[in-house]
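We use all heavy atoms of the structure for the numbers below, so side chains are in, but hydrogens, waters and symmetry mates are not. Below, chain A is the first sequence line, B the second, and so on; all start at residue 1.
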Amino acid sequence: MNVVTRFAPSPTGFLHIGGARTALFNWLYARHTGGKFLLRIEDTDRKRSTPEAIDAILDGLSWLGLDSDEPPVYQFARRDRHAEVVRTLLETGHAYRCYCTPEELAEMREKAKAEKRSMRYDGTWRDRDPADAPAGIDPVIRFRAPQDGETIIEDAVQGTVTVANSELDDLIMLRADGTPTYMLSVVVDDHDMGITHAIRGDDHLTNAFRQTQIFDALGWPVPVYAHIPLIHGADGAKLSKRHGALGVDAYRDMGYLPEALLNYLCRLGWSHGDDELFSMAQAIEWFDITDVNKGASRFDFDRLSNLNAKYIDASDNARLIELARPGIEENIGKSLTDAVRNRLETGMDSLKSRAETIPQLVELSMFYCFERPLSYSEKADGILDADARTRLGAVHDVLSGLSDWSQDAIEEAVKEYATSNGLKLGLIAQPLRAALTGTNVSPGIFEVAAVLGRDESLGRIADAASKA
RNA sequence: GACCCCAUCGUCUAGAGGCCUAGGACACCACUCUUUCACAGUGGAGACACGGGUUCGACUCCCGUUGGGGUCGCCA
């Protein structure tokens, strides 16, 4: 079988993290099987669908590299086809017109709630004579659902799930204004697009029963359903903005790399033995939809950050500088000079192993970018007491005499000075760090001095030595 | 409330009846490395929700309880 999967978001907001994972699993499964991955924008709700949301979703997918094999299908554009299918259903007796008003339905709902039942359309118009139709009311068209027996779905993730048909009511397929509803459109589009596997969130599980019934009424084959568990927040409750239900663009802005997010998302509800860090190429090779877990998992920023740190460390320096540049330039209020860029390029190797996110990388890099005189952090300020400043003055003199400004030469000179004066290296290294970086946290101080260059280093040391 | 689904360390998970003295990763704690901070390395603490079955033997199978989640729109 040629596998065809799809991601079918409704464009009512950004591409959130759960949607991203749904897209990822569909994409992985299609790539794994050599099938196709399609995209369908479910924009039949005209009131809530926006072009901005469509762009946000498309941007999010492309940032993650979840490319679809064909241009997206816009569901609303297919409304005539949907209406046509409803007409067929009407002709074959699988559908009927219902003249209940929204108010009457609301009443029904209220009553059901009061009686602690779930709301089910009572079938008022199911077998009623169309001649009874009240004037002036545009009817909706409902599906004539089977009332006896049960509907079974063989879910690739959830297993066999059965529900009594008496639990399901006659859903609306065509609204009073003639537009199709989701339940009908999905069935028609999945069929017409040749979808073989519908991989989607767990929240659609109950919809699968009704969609199965519609497929059956139409005599169409039902796709393989795979309902993947939802992602919860850190507290186990539904994902809210507070704990991660953000658009993928927010993760980009927070400084996460797409490959880190992808790797993390893969491990939420799916695993390949003990493998934690792997490429999408490996995931494609390993992924199978039947290996997805049934239980919901919680979103954990710590794990994402940990993964992100590894991907940052593995990224090439030019890319990291580009990613950090906007943040750096905002801090220094101007664009990067070549001199600064050079420092970043040589210093990046030891900078990047310290950062979990791009903003952290920016923060760690700033001391290479600021111009003299540096401002000192509270801790750096504390380190630079009178004694330290005196020692710095002496170190300045020693280093001024160096003919070779290499990391090794600087280290050797400083160490020699320390030993000959009976000073612990820390008493010099820490003030040196404060002087050169304005902070108390940085890569190795001799490396920093080497990267900064002779003039800049000496200048910064002199600044600190003479500071008030 | 009704229906459906789920249940291994705090979190993500490995585990397809004996391989389990339940493994790995994140987080946490200690130590090593680094006279900083990280990275890395070593070690530690930490779980099969509960109760019944089935079986010679259950984390693994069945039932129930509890807990969690989803759905119940002329939204998708």
Side-chain angles (χ1 to χ4, degrees), chain A residues 8-12 42-45 47-49 75 98 100-102 105-106 109 112-120 138-142 153 155 157-159 161-164 166-169 171-183 185-186 200-209 227 229-230 232 234 236-238 264 267-277 293-307 309-310 313 350-356 360 364 379 383 418 424-430 432-434 437 439-445:
Chain A
S10 66
T12 54
E42 309 216 315
D43 55 353
T44 51
D45 184 349
K47 291 190 262 307
R48 298 201 305 154
S49 301
Q75 196 159 54
C98 165
C100 287
T101 61
L105 258 19
R109 224 182 319 277
K113 200 177 174 186
E115 291 171 13
K116 301 194 175 229
R117 292 181 289 112
S118 61
M119 156 66 179
R120 240 167 286 154
D138 291 326
V140 299
I141 296 181
R142 286 184 184 270
I153 65 177
D155 195 283
V157 169
Q158 303 294 337
V161 188
T162 307
V163 77
S166 57
E167 295 295 331
L168 273 16
D169 65 355
L171 68 283
I172 293 172
M173 296 190 294
L174 215 58
R175 300 187 184 98
D177 65 3
T179 59
T181 63
Y182 160 80
M183 212 63 79
S185 312
V186 182
R200 53 175 21 171
D202 222 345
D203 50 337
H204 283 286
L205 187 58
T206 51
N207 291 334
F209 295 114
H227 289 92
L230 266 17
H232 290 163
K238 201 169 179 174
Y264 175 67
R267 290 286 289 104
L268 236 39
W270 177 83
S271 65
H272 180 264
D274 285 337
D275 292 302
E276 303 284 352
L277 191 68
N293 294 154
K294 295 172 158 193
S297 47
R298 305 183 187 201
F299 192 88
D300 183 358
F301 267 105
D302 282 338
R303 277 175 68 84
L304 209 211
S305 295
N306 177 271
L307 233 25
K310 295 191 163 103
D313 200 12
S350 37
L351 248 23
K352 67 184 180 186
S353 69
R354 291 168 160 72
E356 284 190 332
Q360 279 179 22
L364 257 14
K379 288 204 171 144
I383 291 167
K424 285 174 71 180
L425 190 54
L427 287 175
I428 298 164
Q430 277 300 66
L432 211 42
R433 186 184 317 281
T437 70
T439 73
N440 62 320
V441 176
S442 79
I445 200 59

Respond yes when some side-chain nitrogen or oxygen of A:Asn306 is under 4.0 Å from OP1 or OP2 of B:rA27, and no when none is. yes
Of the nucleotides B:rC26, B:rG73, B:rU71, which has the atom closest to the A:Met119 side chain? B:rG73
Closest to the A:Leu230 side chain, choosing from B:rG70, B:rC5, B:rA76: B:rG70
Side chain of A:Asp45 only, heavy atoms from C-beta on: which candidate in B:rA76, B:rU13, B:rC5 is closest? B:rA76
How many Å lie between CG on A:Asp300 and C1' on B:rC28, as a whole number? 13 Å
Just one of A:Thr181, A:Ile172, A:Leu174 clears the side chain to side chain contact (heavy atoms under 4.5 Å, CB included) bar with A:Ile141, so which one? A:Leu174
Rounded to the nearest angstrom, tell me the gap between atom CZ in A:Arg109 and atom P in B:rU71. 16 Å
Can you tell which of B:rA14, B:rA76, B:rA2 lies closest to the side chain of A:Arg120? B:rA2
At less than 4.0 Å, is any side-chain N or O atom of A:Thr44 found next to OP1 or OP2 of B:rA76? Yes or no. yes
Nearest to the side chain of A:Asp203, heavy atoms from C-beta on, is which of B:rG70, B:rA27, B:rA14? B:rG70
Measuring from the side chain of A:Arg303 (C-beta onward, heavy atoms only), which nucleotide among B:rC74, B:rA14, B:rC12 has the closest atom? B:rC12
Taking atom P in both B:rG64 and B:rA2, compute the distance separating them and give it to the nearest angstrom. 15 Å
Is there a side-chain polar atom (N or O) of A:Ser353 under 4.0 Å from OP1 or OP2 of B:rA38? no
